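For reference, the structure discussed in these notes is given below.
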Amino acid sequence: MHGSNLRVAYQGVPGAYSEAAAGKAYPNCQAIPCDQFEVAFQAVELWIADRAVLPVENSLGGSIHRNYDLLLRHRLHIVGEVQLPVHHCLLALPGVRKEFLTRVISHPQGLAQCEHTLTKLGLNVAREAVDDTAGAAEFIAANNVRDTAAIASARAAEIYGLEILADGIQDDASNVTRFVMLAREPIIPRTDRPFKTSIVFAHEKGTCVLFKVLSAFAFRNISLTKIESRPNHNVPIRLVDEANVGTAKHFEYMFYVDFEASMAEARAQNALSEVQEFTSFLRVLGSYPMDMTSWSPSPPSSSSSTLSL
Ligand SMILES: O=C(O)C(=O)Cc1ccccc1
């Protein structure tokens with residue numbers, strides 16, 4: 001995972017956690033700020049960037065659902081993951097006191113991860129969601145807003161000249177976000193180090209189908225690290241004939257599963273060919289090395305202008 005010449009697109013502005021994740025995955029890469037995730041995806045598709053970095057889940061806030069939908073809508077491949085400890089600060093213009101705040105702005109995950117601490121700090125503030133944490137800090141600085149604080153990183157405070165009113169305000173000290181790295185081409189899976197594989201599927205009609213799909217992994221001792229369901233936009237509802245009960249309506253889902261094996265292993269290949277028997281749709285999103293490292297801060301160099309296509 002060497003990144004000196006890589007251009008890595010992320011959603012947000014310099015100081016965003018996604019930028020730090022790009023730097024962890026590809027040290028010394030050139031991080032390209034984008035105003036939306038869609039733009040980060042398009043930047044890779046149009047060869048403006050080589051990778052996109054996408055936060056998918058957080059130990060406190062849970063899954064970032066919108067981003068799972070994006071993975072399905074686009075045809076990029078997951079080529080890596082990083083887990084990033086997230087340390088939030090409450091930032092405001094120099095001289096602003098906590099007592100005079102009426103509003104706190106941040107990415108929805110930032111607000112969710114600090115919910116209880118904001119209450120404990122005795123702040124009687126409206127919460128407002130914006131696109132990214134560092135963008136919230138930039139907004140306050142650019143518009144000289146004195147009644148509003150941002151939840152963002154200490155690096156964002158430094159970049160936008162804000163003061164840290166409170167440090168480490170996430171509700172749990174071990175607050176970790178998992179990001180995936182996306183590329184136009186998949187990487188060749190290997191067996192010489194721990195790999196993870198991410199798939200998405202829609203199951204066939206029938207009874208206990210989800211159980212049968214998951215048992216394909218259990219029988220081969222393949223651990224699942226994640227399962228997420230999202231509404232299936234193509235088939236939102238399914239009619240099921242249930243004897244003596246009439247016709248029932250069930251929601252239809254797409255299932256996202258991560259498992260601890262490489263697609264280069266026979267047990268993973270066999271599990272997937274079994275899964276295929278019970279699914280109407282199956283896609284391998286990527287087979288990639290597991291992040292086994294701890295956090296090492298090495299901020300990449302971000303371009304000065306934010307990309308919008
Ligand atoms: O807004 C950011 O800085 C992001 O990169 C998304 C995010 C927000 C909160 C925690 C982790 C990632």
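The model shown is predicted, which means the values in this text are computed figures rather than measured ones. In listed order, ligands and their atoms are each counted from 1.
- Aromatic ring centres of Tyr256 and His65: separated by at least 6.0 Å.
- Residue contacts with ligand 1 for Gln113 involve side-chain atoms from C-beta outward but no N, CA, C or O (heavy atoms, distance under 4.0 Å).
- Ranking the protein heavy atoms by distance from atom 3 (O) of ligand 1 puts Thr133 OG1, 2.5 Å first.
- Side-chain contact between Pro289 and Ile187 is present, with heavy atoms from C-beta onward closer than 4.5 Å.
- Salt bridge present: Glu228 and Lys226 bring a charged side-chain N and a carboxylate O closer than 4.0 Å.
- The ligand atoms of ligand 1 that sit less than 4.0 angstrom from a heavy atom of Ala16 are 3 (O).
- None of Gln109, His87, Gln170, Gln113 except one satisfies the side chain to side chain donor-acceptor pair (under 3.5 Å) rule with Asn175; the exception is Gln113.
- Between Glu277 and Lys212 no salt bridge is recorded (no basic side-chain N to carboxylate O distance below 4.0 Å).
- Residue contacts with ligand 1 for Asp132 involve both N, CA, C or O and side-chain atoms from C-beta outward (heavy atoms, distance under 4.0 Å).
- Looking at Glu38 and His74, their side chains do bring a donor and an acceptor atom within 3.5 Å of each other.
- Considering backbone and side-chain atoms alike, Tyr17 places an N or O below 3.5 Å from some N or O of ligand 1.
- Regarding atom 11 (C) of ligand 1, its nearest protein heavy-atom neighbour is Thr177 OG1, 3.4 Å.
- Every N/O-N/O distance between Gln11 and ligand 1 stays at or above 3.5 Å.
- Looking from atom 4 (C) of ligand 1 to the surrounding protein, the closest heavy atom is Ser18 OG, 3.6 Å.
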